[in-house]
Amino acid sequence: MNLRVFNTLKGHKELFDPIVPGKVSMYVCGVTVYDYCHMGHARANIVFDIVFRYLQFAGYDVTYVRNYTDIDDKIINRANERGIPSKALAEEFIQAFDQDMEALGLRKPTHEPRATEYVPEIIALVKTLIEKGLAYEANGDVYFSIEQFPNYLCLSKRNMEEMLAGARIAPGEQKQNPMDFALWKAAKPGEPSWDSPWGAGRPGWHIECSAMSSALLGDSFDIHGGGRDLIFPHHENEIAQSEGATGKPFVKYWLHNGFVNVDQEKMSKSLGNFFTIRDILEKYDPEIIRFFVLTAHYRSPIDFSDQNLNESRQGLTRFYEALHHATNAIAELSIPAGDNAEACQLEKHFRDAMDDDFNTALAIGHLFDGVRTINRLVSEKKFRKKPELVATVSALHQKILELGDVLGLFGSAPTVWLKKQNLQGLNSLGLTEAAVEELIKERLLARQEKDFARADQIRESLAVQGVELLDSPQGTTWKIK
RNA sequence: GGCCCCGUCGCCAAGUGGUAAGGCAGAGGUCUGCAAAAUCUCUAUCACCAGUUCGAAUCUGGUCGGGGCCUCCA
């Protein structure tokens with residue numbers, strides 16, 4: 001085990017060495033539940049699902065916390081717009097989030113706390129910060145005083161003077177310094193609120209993550225993840241709150257994933273150029289989304305486009321076809337037991353790639369090598385009579401499934417997956433399976449009568465519509481081009 | 001303006017000092033009645049310029065181009 005991770009705090013890769021040997025505690029910022037998730041959320045969650053899976057695969061006992069922020073200005077505003085209680089709105093989008101994540105095949109985190117379940121912890125944390133002189137109350141609001149925390153901006157590496165130049169105090173705020181941020185907000189009429197030493201109010205945006213992470217993982221933990229856009233101010237503020245309160249290092253490794261772009265521009269709500277997960281899933285299999293995300297390194301930007309998703313579909317199809325062929329090729333054969341050099345080699349390459357800051361793109365490249373080997377061996381003459389080849393194909397097949405599972409890939413039965421893609425494609429071409437099957441029958445007759453002109457005519461007519469006919473000793477099948 | 005990131009084959013994308021993974025697309029061969037799939041072979045000197053070095057896509061400086069954060073954002 002030689003995992004190296006890129007730590008935003010340090011600005012470079014370093015050896016991963018958890019606080020407690022053999023155990024990993026990780027916290028990932030979830031979503032503020034006021035709307036459907038888009039592709040950017042999908043990426044972040046898939047990325048950290050892989051971190052979670054790989055750490056488990058590497059033998060760690062992982063405690064993974066991913067929160068729901070279910071109290072926030074945006075939730076309140078959206079609920080008011082719709083004339084429903086903010087709790088109902090939050091509930092609706094928590095369910096939507098859960099559905100989306102399940103559809104994408106994410107493993108359930110160990111804990112999925114909600115901010116509203118941790119209000120007592122939040123209040124206690126704010127109290128501590130006030131007692132330590134790091135926060136102050138003003139008209140029912142409580143603010144964190146960044147001047148009292150010298151390490152402020154250590155994560156985002158910004159310059160305080162420059163930041164102050166552009167900082168503003170919003171109307172109604174009682175900040176001593178424009179860069180101070182709210183820990184607790186006094187309730188306005190009609191807003192959801194909790195009693196506190198400062199009157200009725202609710203948590204500010206950042207405090208809930210500090211409270212939930214320390215409640216579930218302790219004052220110091222190993223990994224904290226999220227999208228790059230959370231580095232400032234969210235994660236910066238978490239550090240200030242948590243380290244300010246405990247005096248201990250908050251997080252050992254900060255991991256941040258890159259954005260999803262559309263036409264080279266960040267996909268975001270404010271730009272309005274986003275696609276929700278549910279919209280995308282209408283058109284693409286969830287595994288294609290996952291494959292797409294994993295074919296780039298998690299810190300790089302990825303460009304969301306139909307062309308790129310279609311390439312992912314093709315890549316994934318290549319895997320499933322190879323797995324399908326392998327299954328058929330070794331069916332009903334006795335497989336020699338024992339380690340297999342090719343399979344061991346593949347696993348080593350895979351681990352090396354993943355150990356290098358979760359380089360899933362490289363890891364998938366290695367899995368493609370395994371596919372090529374399988375295809376090559378299976379097509380050798382008298383394959384079934386060569387035990388060493390059969391053993392290698394069997395072992396590689398197993399290994400690809402095993403390693404694929406670490407990436408959350410290849411979990412479907414190949415025939416089912418391939419069929420589904422084909423039917424979906426057929427559907428989008430405006431054809432029916434029955435119509436295709438009918439033409440295949442007709443062509444079969446033509447071929448039996450050696451009427452190859454007619455046979456080729458049928459092939460060609462389907463081909464121009466986008467359907468490819470595949471002849472094999474077992475009969476004729478079809479696939480979408 | 002400040003801070004940060006990126007620019008690798010037609011496209012996507014690894015590679016952060018030792019001589020360019022992989023996928024898609026393309027060309028040719030094998031296979032096939034034909035075709036597809038598969039497989040084999042072939043296709044890049046890494047935006048540009050100047051340095052450091054025995055050696056750089058990889059380090060330094062500069063130029064050009066793109067993007068991000070600095071306000072809610074995965």
Side-chain angles (χ1 to χ4, degrees), chain A residues 8 11-13 28-32 34-35 37-48 72-74 77 153 156-168 170 179 205 225-234 256-261 264-271 274 291-292 295-297 299-303 305 307-319 321-322 325 349 353 356 359-369 371-381 447 450 452-453 455-456 459-460 463 468-472 476-479 481:
Chain A
T8 306
H12 55 78
K13 289 181 198 171
V28 173
C29 287
V31 286
T32 299
Y34 72 102
D35 204 346
C37 288
H38 60 64
M39 190 59 207
H41 301 106
R43 183 184 195 189
N45 283 285
I46 288 170
V47 161
F48 289 104
D72 171 87
D73 289 0
K74 291 191 291 295
N77 292 340
L153 303 183
S156 54
K157 299 168 179 60
R158 288 165 201 277
N159 176 298
M160 184 64 78
E161 283 74 47
E162 298 291 343
M163 297 287 290
L164 280 169
R168 290 270 177 81
M179 292 292 291
W205 173 33
R228 295 187 75 87
D229 44 3
L230 294 181
I231 295 173
F232 185 88
H234 187 54
H256 293 98
N257 65 274
F259 296 132
V260 175
N261 290 161
Q264 319 291 329
E265 247 184 357
K266 178 188 172 185
M267 178 185 289
S268 77
K269 300 216 169 166
S270 37
L271 288 171
F274 62 91
F291 191 85
F292 166 65
T295 46
H297 185 89
R299 283 187 286 114
S300 308
I302 51 173
D303 209 58
S305 68
Q307 185 190 334
N308 289 343
L309 283 177
N310 278 323
E311 281 198 5
S312 292
R313 182 174 56 76
Q314 288 184 72
L316 199 48
T317 300
R318 181 167 160 82
F319 274 103
E321 286 185 340
H325 293 147
H349 287 153
D356 185 13
N359 193 336
T360 53
L362 182 58
I364 287 175
H366 292 315
L367 295 181
F368 269 119
D369 289 338
V371 162
R372 196 187 325 111
T373 305
I374 284 180
N375 287 332
R376 196 181 60 230
L377 297 184
V378 163
S379 63
E380 276 206 21
K381 291 211 161 40
R447 290 176 76 201
K450 300 270 191 258
F452 294 121
D456 289 350
R459 171 189 292 293
E460 184 56 28
E468 202 79 60
L469 294 184
L470 314 175
D471 294 328
S472 80
T476 300
T477 55
W478 57 272
K479 67 180 279 189
K481 271 209 263 195

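Bear in mind that the values here come from a model prediction, so they are computed numbers and not experimental data.
- If you take CD of A:E468 and P of B:A37, they are 6 Å apart, rounded to a whole angstrom.
- Formation of a donor-acceptor pair under 3.5 Å by the A:R43 side chain with backbone atoms of A:F259 is found in this model.
- Under the Watson-Crick and G-U wobble criteria, each requiring two contacts below 3.5 Å, nucleotide B:G65 is paired to B:C6.
- Spacing of P atoms, B:A27 relative to B:G17, comes out at 38 Å, to the nearest Å.
- The residue A:L469 sits close to a base: some heavy atom pair falls under 4.0 Å.
- In this structure, NZ of A:K269 is placed 15 Å from P of B:C72, rounded to the nearest angstrom.
- The residue among A:G226 and A:K479 whose nearest nucleotide of RNA chain B lies closer to the 5′ end is A:K479.
- Straight-line distance from the CE atom of A:M267 to the C1' atom of B:A74: 11 Å, rounded to whole Å.
- Nucleotides B:C24 and B:A20 have their P atoms positioned 22 Å apart, rounded to a whole Å.
- With rounding to whole Å, A:D471 atom CG is found 13 Å from B:C31 atom C1'.
- Nucleotide B:U41: paired with B:A27 (Watson-Crick or G-U wobble, both distances less than 3.5 Å).
- Distance check on atom C1': B:G65 versus B:C49 gives 15 Å, rounded to whole Å.
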| note | Expected string for nucleotides 38-43 of chain B under the B/S/- scheme (protein heavy atoms, under 4.0 Å, primed atoms plus P, OP1, OP2 as sugar-phosphate) is SSS---

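- Within 4.0 Å of A:F232, counting heavy atoms only, lie sugar-phosphate atoms of the nucleic acid but no base atom.
- If you take atom P in B:A25 and the same atom in B:U32, they sit 23 Å apart, rounded to whole Å.
- Using a 4.0 Å heavy-atom cutoff across all strands shown, A:V260 reaches at least one base atom of the nucleic acid.
- Contacts of A:G40 with the nucleic acid, taken as non-hydrogen atoms under 4.0 Å apart, include base atoms.
- Listed by chain and number, the residues in a side-chain contact (heavy atoms from CB on, under 4.5 Å) with A:N375 are A:R318, A:A322, A:H325, A:V371 (sequence neighbours excluded).
- At whole-Å resolution of the value, CG in A:N45 and C1' in B:A74 are 7 Å apart.
- Judged by distance alone, with hydrogens and angles left aside, the side-chain atoms of A:T373 form a donor-acceptor pair with the main-chain N or O of A:D369 at under 3.5 Å.
- When heavy atoms are screened at a 4.0 angstrom cut-off, A:D369 is found touching the sugar-phosphate backbone but no base atom.
- Looking at residues two or more places apart in sequence or on another chain, you find no side-chain contact (heavy atoms from CB on, under 4.5 Å) involving A:S379.
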Show me the protein contacts with nucleotides 9-15 of chain B, counting only N or O atoms at under 3.5 Å.
residue : atom : partner : partner atom : Å
B:C11   : O2'  : A:Q307  : NE2          : 2.9
B:C11   : O2   : A:E311  : OE2          : 3.4
B:A14   : OP1  : A:H297  : N            : 2.5
B:A14   : O3'  : A:N359  : ND2          : 2.8
B:G15   : OP1  : A:N359  : ND2          : 2.9

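- The CG-C1' distance, from A:L153 to B:C69, rounds to 12 Å in whole Å.
- Rounded to whole Å, the P atom of B:G67 lies 40 Å from the corresponding atom of B:G28.
- Base contact: A:G258 has a heavy atom under 4.0 Å from a base atom.
- In this model, the phosphate group of B:C69 is approached by a side-chain N or O of A:K266 to a distance below 4.0 Å at OP1 or OP2.
- A:L362 pairs by the side-chain contact (heavy atoms from CB on, under 4.5 Å) definition with A:A353, A:N359, A:H366, not counting sequence neighbours.
- A:M39 comes within 4.0 angstrom of nothing in the nucleic acid, heavy atoms only.
- No donor-acceptor distance shorter than 3.5 angstrom exists from the side chain of A:N257 to the backbone of A:V47, with no hydrogens or angles considered.
- Taking the ring centre of A:F232 as origin, the terminal cationic atom of A:K157 falls outside the region bounded by 6.0 Å and 45° from the ring axis.
- Across all strands shown, B:A57 remains unpaired; no Watson-Crick or G-U wobble contact has both distances below 3.5 Å.
- A cation-pi geometry, defined here as NZ or CZ lying under 6.0 Å from the six-membered ring centre and within 45° of its normal, does not hold between A:R447 and A:F452.
- One C1' atom belongs to B:C46, the other to B:A35, and the distance between them is 39 Å to the nearest Å.
- Where A:R158 and A:A363 meet RNA chain B, the nucleotide closest to each residue was compared, and A:A363 sits on the side nearer the 5' end.
- One N or O donor and one acceptor, one from the side chain of A:R459 and one from the base of B:A35, sit under 3.5 Å apart.
- Taking the P atoms as reference points, B:U8 lies 14 Å from B:G66, given to the whole Å.
- One interatomic measurement links the two molecules: CD1 of A:I231 to P of B:C5, which rounds to 11 Å at whole-angstrom precision.
- Atom pair A:H349:NE2 and B:G22:P shows a separation of 12 Å (rounding to whole Å applied).
- Separating the P atom of B:G55 from that of B:C64 is a span of 29 Å, rounded to the nearest Å.
- Look at A:D35 and A:K74 and you find no salt bridge, because none of the NZ, NE, NH1 or NH2 atoms lies under 4.0 Å from a carboxylate O.
- No hydrogens or angles were tested; on distance alone, nothing pairs the side chain of A:D229 with the base of B:C72 as donor and acceptor under 3.5 Å.
- Between the side chain of A:R299 and the base of B:C5 there is no donor-acceptor pair of N/O atoms closer than 3.5 Å.
- Look at A:F452 and the base of B:G33; the rings stack, centres closer than 5.5 Å and planes less than 30° apart.
- Among all heavy-atom pairs drawn from A:M160 and A:M179, the shortest one is SD-CG, 4.2 Å.
- With no hydrogens or angles considered, no side-chain donor-acceptor pair links A:T32 and A:D72 at under 3.5 Å.
- Remark: B:U19 base-pairs with no nucleotide in the shown strands. Criterion, Watson-Crick or G-U wobble with two distances under 3.5 Å.
- With sequence neighbours left out, the side-chain contact (heavy atoms from CB on, under 4.5 Å) criterion links A:V28 to A:M26, A:F48, A:Y64.
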